[in-house]
Amino acid sequence: MLAVFDRAVAPSPEGLRHPGAAGDGAAGLAGRFREAHPGAVTVGLGPGGGTTLAYSSHGQSPLLPRLFAAVDEIFCLFQGTIENIAVLKQQYGLHKGCTEINIIIEAYRTLRDRGPYPADQVVRDINGKFAFVLYDCSNNSVFMAADADGSVPFYWGVDPDGRLVVSDDDEIVKKACGKSSAPFPKGFFFTTSGGLQSYEHPMNEVKPVPRFDSKGEVCGTTYTVDAKAKKDSSIPRVGSAADWSSQY
């Protein structure tokens with residue numbers, strides 16, 4: 001799977017972008033993805049086509065299958081399996097035939113439309129091996145997450161033009177972003193409005209930590225919870241008819 005977001009839609013977190021050896025950029029990345037993955041589907045979305053999603057089942061693991069779905073202007077890429085799928089179907093009022101990706105979309109819709117429901121709780125309720133990227137055309141927002149064990153390959157980076165690139169293929173991200181690429185942090189989620197957060201420790205701030213290769217050179221950034229820094233836990237007053245997506 002592949003997702004490319006303009007920096008206005010998905011501003012990269014502090015520290016992910018590194019000076020030095022830059023990649024080739026995300027321009028034309030969807031075309032290269034199609035060439036490398038037979039039967040791939042690519043979709044251009046957002047203002048000026050600034051968002052690109054690409055999906056292919058070619059070469060996928062039978063234990064960690066990829067899924068792609070779109071419901072009411074919400075597009076989602078998912079890889080993995082959810083263990084408590086029956087519980088979540090009941091929680092979100094979904095019929096028995098729904099799959100993991102339907103749960104992710106409905107969980108996001110509940111978060112967006114019926115808040116205040118903490119985004120960290122939405123992700124923490126999901127038990128399994130998973131990584132997903134979701135884009136909401138109605139408000140140009142992004143929601144992505146990975147499980148706490150990092151069970152699914154999931155990488156991200158920033159290209160020379162500031163576009164955020166996300167994929168389960170590390171070579172795609174490295175080629176586009178150079179040293180400004182890294183594995184997506186385990187047990188974290190990212191939203192357009194809230195940036196990168198830990199869903200296991202939602203009350204703590206997140207801090208970037210440089211990664212180093214075998215030669216001792218910086219090669220991207222990982223992130224960890226700052227045990228000493230707490231977030232402001234006050235809840236803003238928002239009317240019941242408001243779009244709660246700006247609050248997570």
Side-chain angles (χ1 to χ4, degrees), residues 1 3 10 13 63-136 138-139 141-154 156 166 168 183-206 223-225 230-236 238 240 242-248:
M1 61 181 175
L63 300 178
L64 299 172
R66 304 186 194 105
L67 298 170
F68 174 68
V71 178
D72 295 337
E73 296 189 292
I74 300 172
F75 292 76
C76 187
L77 295 164
F78 177 92
Q79 184 171 355
T81 58
I82 295 177
E83 296 170 359
N84 62 332
I85 188 169
V87 173
L88 293 177
K89 285 180 184 178
Q90 184 176 20
Q91 178 177 330
Y92 291 111
L94 297 170
H95 61 77
K96 293 182 180 180
C98 288
T99 65
E100 283 91 344
I101 200 166
N102 299 119
I103 289 173
I104 299 300
I105 292 174
E106 191 59 34
Y108 166 78
R109 266 206 301 207
T110 300
L111 174 64
R112 182 193 66 185
D113 301 337
R114 304 181 197 170
Y117 188 63
D120 56 270
Q121 185 65 53
V122 169
V123 186
R124 197 160 56 245
D125 284 347
I126 304 169
N127 299 328
K129 301 177 180 180
F130 65 87
F132 67 82
V133 185
L134 180 150
Y135 175 69
D136 185 350
S138 69
N139 56 17
S141 63
V142 174
F143 184 32
M144 67 180 82
D147 70 61
D149 295 324
S151 308
V152 176
F154 201 44
W156 67 344
V166 185
D168 60 340
F184 189 87
K186 304 174 185 178
F188 280 67
F189 70 98
F190 174 89
T191 65
T192 296
S193 57
L196 184 66
Q197 303 174 61
S198 166
Y199 62 79
E200 294 188 299
H201 304 279
M203 299 309 297
N204 291 84
E205 296 287 354
V206 173
Y223 294 86
T224 187
V225 172
K230 296 288 186 179
K231 295 180 180 179
D232 180 3
S233 59
S234 61
I235 299 176
V238 178
S240 59
D243 180 352
W244 283 90
S245 60
S246 62
Q247 305 302 321
Y248 56 76

statement: Which of Phe154, Phe132, Phe189 passes ring-ring contact (aromatic ring centres under 6.0 Å, His included) with Phe184? Answer is Phe154

Which heavy-atom pair separates [X] from [Y] by the least distance, and what is that distance?
{"X": "Val166", "Y": "Val133", "value": "CG1-CG2, 3.8 Å"}
{"X": "Phe188", "Y": "Tyr223", "value": "CZ-O, 4.1 Å"}
{"X": "Ser151", "Y": "Leu64", "value": "O-CD1, 3.7 Å"}
{"X": "Val122", "Y": "Ala107", "value": "CG1-CB, 3.8 Å"}
{"X": "Pro65", "Y": "Thr81", "value": "CD-CG2, 4.1 Å"}

Quick check: does any side chain N or O of [X] sit under 3.5 Å from a backbone N or O of [Y], one acting as donor and the other as acceptor?
{"X": "Asn204", "Y": "Val225", "value": "no"}
{"X": "Asn102", "Y": "Thr99", "value": "yes"}
{"X": "Tyr199", "Y": "Ala146", "value": "yes"}
{"X": "Lys129", "Y": "Gly80", "value": "no"}

message: Working note: Asn127 + Asp147, criterion side chain to side chain contact (heavy atoms under 4.5 Å, CB included); need CA distance, chi angles, decisive distance, verdict.
response: CA-CA 8 Å; Asn127 299 328; Asp147 70 61; over 6 Å; no

task: For the pair Trp156 and Phe190, name the ring-plane relationship: parallel under 30°, tilted 30 to 60°, perpendicular over 60°.
output: perpendicular

Carboxylate-amine/guanidinium proximity below 4.0 Å for Asp136 and Arg112: yes

- prompt: Are the charged groups of Asp120 and Arg124 less than 4.0 angstrom apart, N to O?
  reply: yes

task: Could you check Ser141 against Tyr108 for side chain to side chain contact (heavy atoms under 4.5 Å, CB included), going step by step and ending with a plain yes or no?
output: CA-CA 11 Å; Ser141 63; Tyr108 166 78; 3.2 Å; yes

query: Going by heavy atoms in the side chains, are Thr191 and Val142 under 4.5 Å from each other?
result: no

Flag for Thr192-Tyr135: side-chain donor and acceptor within less than 3.5 Å: no

task: Report yes or no: do Asp125 and Gln121 form a side-chain donor-acceptor pair below 3.5 Å?
output: yes

